[in-house]
Amino acid sequence: MERVSHNRCFGGSQSTYQHDSTATNTPMRVSVYLPPAAEHKAVPVLWYLSGLTCTEENFSIKAGAQRYAAELGIALVAPDTSPRGAGIEGEDERFDLGTGAGFYVDATEAPWSAHYCMYRYIAEELPELLFGELPLDITRQGITGHSMGGHGALILALKQPGRFRSVSALAPIASPLQAGFGRDALRSYLGPDESMWRAYDTPSLLEQGMRFPDAPLIDQGSADDFKAEHLKPELLLSACQRNDQAIDYREHSGYDHGYYFVASFIGEHVAHHAQRLHT
């Protein structure tokens, strides 16, 4: 990995790394915050997956999570949301498909399948790189995310049992199989057979018997314009109820979908994970 930026932040360091990815066949970037404690020992890591249109920078610049991570001795890792510059026709034409919209799946349909393998990138390639280079404790990992990234956090926690001790999400796309944003993306990346989509759909994975390591913390704004059509939190709640999966769901009056919402509650999410990662 090549470190392309580095800044002191709350006694620790905020850096951006770039590397050539075998999963996406493109250069990829990842943001990493190391707390002061990382100067002396390997620290727990909280993965943050961003939403549509975002890069690895949005979270590190807008959320203000470093203050809490520094106090609680947690590293923050925020990957990019898709390959960039893959040269696929039309990849930059829509905000919900292509660049900035990887949906954390491994595409099987051409031309996307040559590059859009974000699930494998997050699940396998990036952890191997980071844990080999940085003072991160591989035995203590949590995962969270926002919107499309909330969807990614939930499916990764379900599909990789034993890797994560804790999971949370902020305004997640609860079911891309049944939501406006997700259906078009899954059809393009995975083809028309909806049975193939279920491998990346939280309610479907719960129905298949997969379970979260702990009751996930879910925050949702009541004034979120995407809630009814694209996020559909009721689908997540009903799936958890049907499958005896505990969930800590909180809806906040007047909050919308943006980073003011994320910044308002990210401290509680970092604390949620720290409590589980330090035990």
Side-chain angles (χ1 to χ4, degrees), residues 1-21 23 27-51 54-81 104 118 121-146 149-150 152-153 156-157 160 162-170 213 217 259 262-279:
M1 297 189 301
E2 175 191 3
R3 191 167 69 179
V4 296
S5 71
H6 176 74
N7 300 93
R8 291 291 285 174
C9 184
F10 294 107
S13 63
Q14 177 67 56
S15 302
T16 300
Y17 295 89
Q18 180 170 299
H19 68 99
D20 291 329
S21 169
M28 294 293 292
R29 289 194 171 195
V30 58
S31 164
V32 179
Y33 176 72
L34 294 177
E39 295 180 4
H40 311 290
K41 61 182 180 180
V43 295
V45 57
L46 175 59
W47 294 79
Y48 177 91
L49 304 185
S50 294
C54 290
T55 71
E56 79 288 344
E57 283 191 323
N58 292 73
F59 175 70
S60 61
I61 292 173
K62 296 181 178 180
Q66 295 94 334
R67 178 189 298 273
Y68 308 106
E71 294 173 355
L72 295 169
I74 300 289
L76 304 172
V77 173
D80 202 349
T81 53
Y104 304 102
M118 288 300 295
Y121 176 68
I122 303 296
E124 300 174 11
E125 181 179 9
L126 189 55
E128 184 176 345
L129 282 171
L130 293 180
F131 288 109
E133 296 275 348
L134 300 175
L136 305 175
D137 186 345
I138 196 171
T139 68
R140 294 185 290 169
Q141 299 182 62
I143 191 165
T144 187
H146 173 233
L156 275 152
Q160 292 204 289
R163 174 179 170 186
F164 300 105
R165 293 192 188 182
S166 53
V167 58
S168 70
L170 296 122
L217 172 62
Y259 263 86
V262 173
S264 296
F265 299 103
I266 194 62
E268 295 175 44
H269 281 251
V270 175
H272 169 85
H273 291 274
Q275 182 180 26
R276 289 152 179 81
L277 297 177
H278 281 305
T279 57

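Just so we're clear, the structure is a prediction, and the values are computed from it rather than from any experiment. One-based numbering along the sequence shown.
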Side chain to side chain contact (heavy atoms under 4.5 Å, CB included) assessment of Leu170 paired with Ile266: CA-CA 9 Å; Leu170 296 122; Ile266 194 62; 4.2 Å; yes
I would like to know whether Leu46 and Val77 meet side chain to side chain contact (heavy atoms under 4.5 Å, CB included); could you show each step before the answer? CA-CA 6 Å; Leu46 175 59; Val77 173; over 6 Å; no
Between Tyr121 and Asp80, does a side chain to side chain contact (heavy atoms under 4.5 Å, CB included) hold up when you go through it step by step? CA-CA 10 Å; Tyr121 176 68; Asp80 202 349; over 6 Å; no
Run the side chain to side chain contact (heavy atoms under 4.5 Å, CB included) test on Tyr33 and Ser13 for me, step by step, so that the C-alpha distance in whole Å, both residues' side-chain angles and the decisive distance to 0.1 Å come before the verdict. CA-CA 6 Å; Tyr33 176 72; Ser13 63; 5.8 Å; no
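Under the 3.5 Å distance criterion, the side-chain polar atoms of Arg8 are matched with a main-chain donor or acceptor of Gly11. A distance-only check finds a donor-acceptor pair linking the side chain of Arg165 to the backbone of Thr139 [under 3.5 Å]. Side-chain atoms of Gln141 never come within 3.5 Å of backbone atoms of Phe164 as a donor-acceptor pair (strictly under, hydrogens ignored). Remark: the backbone N or O of Pro27 is not paired with any side-chain donor or acceptor of Ser21 at under 3.5 angstrom. When atom types are taken as modelled, the side chain of Gln160 and the backbone of Ala157 share no donor-acceptor pair closer than 3.5 angstrom.
In this structure the side chain of Tyr48 never reaches within 4.5 angstrom of the side chain of Ile143, judged on heavy atoms. Annotation: side chain of Gln66 is in contact with side chain of Gln14 (closest heavy-atom distance under 4.5 Å). Between Leu72 and Leu277 there is no side-chain heavy-atom pair separated by less than 4.5 Å. Between Pro213 and Val167 there is a side-chain heavy-atom pair separated by less than 4.5 Å. At a threshold of 4.5 Å between non-hydrogen side-chain atoms, the residues Ile74 and Val45 do not count as touching. When side chains are defined from C-beta on, Val32 does not count as touching Leu76, because their heavy atoms never get closer than 4.5 Å. At least one side-chain heavy atom of Met28 sits under 4.5 Å from a side-chain heavy atom of His19. Between Leu217 and His269, some side-chain heavy-atom pair lies under the 4.5 Å cut-off.
A side-chain donor from one of His273 and Ser168 sits under 3.5 Å from a side-chain acceptor of the other. For the residue pair Glu56 / Thr16, no side-chain donor-acceptor distance below 3.5 Å is found, with atom types taken as modelled.
Taking OG1 of Thr144 as the start and CH2 of Trp47 as the end, the distance is 13.5 Å to the nearest 0.5 Å.
When all heavy atoms are compared, the tightest approach of Ala75 to Val43 is CB-CG2, 3.8 Å. His272 and Arg276 get closest at one heavy-atom pair: O-NH1, 2.8 Å.
Aromatic ring pairs are classed by plane angle as parallel below 30°, tilted from 30° to 60° and perpendicular above 60°; the pair His146 and Tyr259 is perpendicular.
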